[in-house]
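Below you'll find the structure, written out as structure tokens, and then a few comments.
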Amino acid sequence: MATAVISMDPGVSRFVAAKHRMLINGKWVEAASGKTFPTYNPATGEVLSNIAEGDVADVNRAVAAARAAFESGPWPKMSPSERGRLVWKIGDLIEKYAEELAQLESLDNGKPLKVARAADVPLAADHFRYYAGWATKIEGNTISLGLAPADKFHAYTRREPVGVVAQIIPWNFPLLMAAWKLAPALAMGCTIVLKPAEQTPLSALRLGEIIQEAGIPDGVVNIVPGYGETAGAALAAHDDVDKVAFTGSTEVGKLILKAAAGNLKKVSLELGGKSPNIVFDDADLDRAISGAAGAIFFNHGQCCCAGSRLFIEKDIFDKVVDGVSQHAEKIRVRPGFDPECDMGPLVSEEQMNRVCGYMDSGKQEGAKAVTGGTRVGDKGYFVKPTVLVNTNDKMKVVQEEIFGPVVTAMPFSDASDIVPKSNDTIYGLAAGIWTRDIKKAHAVAAKLRAGTVWINCYNVFDAALPFGGYKQSGWGREMGHEVLENYTEVKTVCAAL
Ligand code: NDP
């Protein structure tokens, strides 16, 4: 394996070496316990930085700061236009510090630096700008009462910020997930306590500095790094939090829901997936094959919407499997800082072991790896892009979310056969369809129980496109104007005239 040849930005070296505190009420403070936890470089397994470890006492301080900022101080007095300008400025500053953020993301998460530069960072900047525009477009309705003469009542609705919001995010797109959560909440006038994932806290902490530089008032955004079982659980259960927004595993999503029941806080959940990617025999095969490879191997398969169940019409099965396997074999698995890196390490040793465990279970149940199927080397958490065949609907590798670069390829006979097969999962996050027959594409899209369906493309994201899941893939939507419902309450005002 080649060694890293891109040198680290001096700002990044300084940031990584610094002592990392948490952001509460506009101040960078130690954990109340004085404890810290390590974050690792997944390309080497070495400690990158030590981070203040938030726990219940820190969550309490952060929620109190968010409550005070929500109820008094400059934030609730600010006009929507002023608020929008500050949110826009965060986008501008992300662009200003783009290289530094991309390097932090690559170091902490393992993804190729070129991908962080081309996708994570610009998408995060765009997200803040998109929601900056929404700050001035919050509207209610005037409503005529059905049972009273029009001149007797004047009734209308107001959309108001939901209040103090807890946001718990994962490690697969650390900066972008922070942007998905923070931007709409800020635009709607909420205040926030954000908990980044323990594996990847660095870009969220740097974003905290950027948020301060943008001029967001103290206490509006608080960032408490720490473990899910302690800091995360305390946030989800906190009685003074009005809403919790979570992205992560379905298993933890259910825990969040239970914890939120104490004060019946509002809950939105963006959870796991096992997305079908369907290739019909009338598809443009070159496009479909490279699209199917991208659908699973992008971000090392660590995507909730990864096209992890590849369904191929039976007469082209061998050709497509062969094509996707050839793509897999050309992927250069290297440290993220290597300019030739197409795929970096998985985020952690735990994740690598989980993915390797799934590959072993698939083989034990009779699946065959056409390519891949093992770890790469013995340093860092690298796994080979893997294509499994001889799989069936009952196997763990077909039913459970692997969250690694592993696709199961299965044949199907026609459009009527593929819909029930595709929907045979507890999840319903995304799906892909590859065909030249536009009528068939839309007919199948309508029948798939999935929050997003891509036709002749995959992994196309835009702040304007709502994203979220059917079934156990979640509650509510991120992005688009739909996400604004997560961060607002509707108040009806009815006046007798
Ligand atoms: P988790 O769901 O555990 O982590 C997501 C976030 O939730 C992290 O910030 C985590 O904290 C936090 N968390 C964990 N436990 C609790 C809790 N009891 N209360 C509140 N917050 C909590 O995902 P993992 O990192 O363990 O990954 C496991 C699997 O989850 C993956 O293999 C994948 O299948 C799925 N996943 C799905 C993602 C998605 O985008 N939908 C993203 C990440 C994972 P911390 O990690 O800091 O301790």
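Each ligand, and each atom within it, is numbered from 1 in the order the structure gives. The structure displayed is predicted, hence computed values, not measured ones.
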Mind checking whether Q351 contacts ligand 1 via backbone (N, CA, C, O), side chain (CB onward), both or neither, at a 4.0 Å heavy-atom cut-off?
-> side chain

Any idea which protein heavy atom is nearest atom 20 (C) of ligand 1, and the distance to it?
-> G232 C, 3.2 Å

For G226, the ligand 1 atoms whose distance to one of its heavy atoms is below 4.0 Å = 47 (O)

Is atom 41 (N) of ligand 1 less than 4.0 angstrom from some protein heavy atom?
-> yes

Basic-acidic side-chain contact under 4.0 Å: E365, K394 | no

Of the protein's non-hydrogen atoms, which lies at the shortest distance from atom 39 (C) of ligand 1, and what is that distance?
-> C304 CB, 3.6 Å

Taking 4.0 angstrom as the limit, do K35 and E30 come out as a salt bridge?
-> no

Considering only NZ, NE, NH1 and NH2 on the basic side and carboxylate oxygens on the acidic side, decide whether K396 and E401 come within less than 4.0 Å.
-> no

With a 4.0 Å cut-off on heavy atoms, is F246 touching ligand 1?
-> yes

So is E251 close enough to ligand 1, meaning a heavy atom under 4.0 angstrom away?
-> no

Charged N to carboxylate O under 4.0 angstrom, D242 versus K266?
-> no

Structural part of Q199 in contact with ligand 1, heavy atom criterion under 4.0 angstrom = side chain

Could you find the nearest protein heavy atom to atom 44 (C) of ligand 1 and give me its residue, atom name and distance?
-> F403 CE2, 3.7 Å

Pair W180 + F467: ring centers closer than 6.0 Å = yes

Under 4.0 Å to a heavy atom of L255 - the qualifying atoms of ligand 1, by number | 18 (N)

Numbering as shown, the atoms of ligand 1 that approach R354 to under 4.0 Å (heavy-atom distance) = 27 (O), 28 (C), 29 (C), 31 (C), 32 (O)

Side-chain donor-acceptor pair under 3.5 Å between T371 and E329, yes or no?
-> yes

Have a look at ligand 1 and work out which part of S249, if any, has a heavy atom under 4.0 Å from it: side chain, backbone, both or neither.
-> both

Do the numbers put R206 on top of the ring of Y97, so that NZ or CZ is under 6.0 Å from the six-membered ring centre and no more than 45° off the axis?
-> yes

If you draw the axis of the six-membered ring of F311, does the NZ or CZ of K421 fall within 45° of it and under 6.0 Å from the ring centre?
-> no

Below 4.0 angstrom, N of the basic side chain to O of the carboxylate: do K114 and D342 qualify?
-> yes

When you measure from atom 22 (C) of ligand 1 to every protein heavy atom, which one gives the shortest distance, and what is it?
-> G228 CA, 3.4 Å

Basic-acidic side-chain contact under 4.0 Å: E99, R117 = yes

For F70, does the CZ atom have more than 12 heavy-atom neighbours from other residues, nucleotides or ligands under 6.0 Å away?
-> yes

With atoms numbered from 1 as shown, which atoms in ligand 1 lie under 4.0 angstrom from a non-hydrogen atom of A233?
-> 19 (N), 20 (C)

Which of the numbered atoms in ligand 1 are below 4.0 angstrom from a heavy atom of I169?
-> 6 (C), 8 (C), 9 (O)

Looking at D126 and R129, does any basic side-chain N land under 4.0 Å from a carboxylate oxygen?
-> no

In terms of atom number and element, which parts of ligand 1 are under 4.0 angstrom from non-hydrogen atoms of Y227?
-> 48 (O)

Please write down residue, atom name and distance for the protein heavy atom closest to atom 24 (P) of ligand 1.
-> W171 NE1, 3.8 Å

With atom 10 (C) of ligand 1 as the reference point, say which of Q302, E198, K195 has the nearest heavy atom.
-> K195

Of the protein's non-hydrogen atoms, which lies at the shortest distance from atom 35 (C) of ligand 1, and what is that distance?
-> E401 OE1, 3.5 Å

Given E105 and S203, is the side chain to side chain donor-acceptor pair (under 3.5 Å) satisfied, shown in steps?
-> CA-CA 6 Å; E105 207 70 326; S203 58; 2.7 Å; yes

In ligand 1, which numbered atoms sit nearer than 4.0 Å to a non-hydrogen atom of L271?
-> 41 (N)

Which is closest to atom 43 (C) of ligand 1 in terms of heavy atoms, C303, P170, A259?
-> P170

Relative to atom 5 (C) of ligand 1, which among V355, V252, T247 owns the nearest non-hydrogen atom?
-> T247

Which residue and non-hydrogen atom of the protein lie closest to atom 12 (C) of ligand 1, and at what distance in Å?
-> I168 CG2, 3.7 Å

Would you check if the side chain of S422 reaches a backbone N or O of I418 as a donor-acceptor pair within less than 3.5 Å?
-> yes

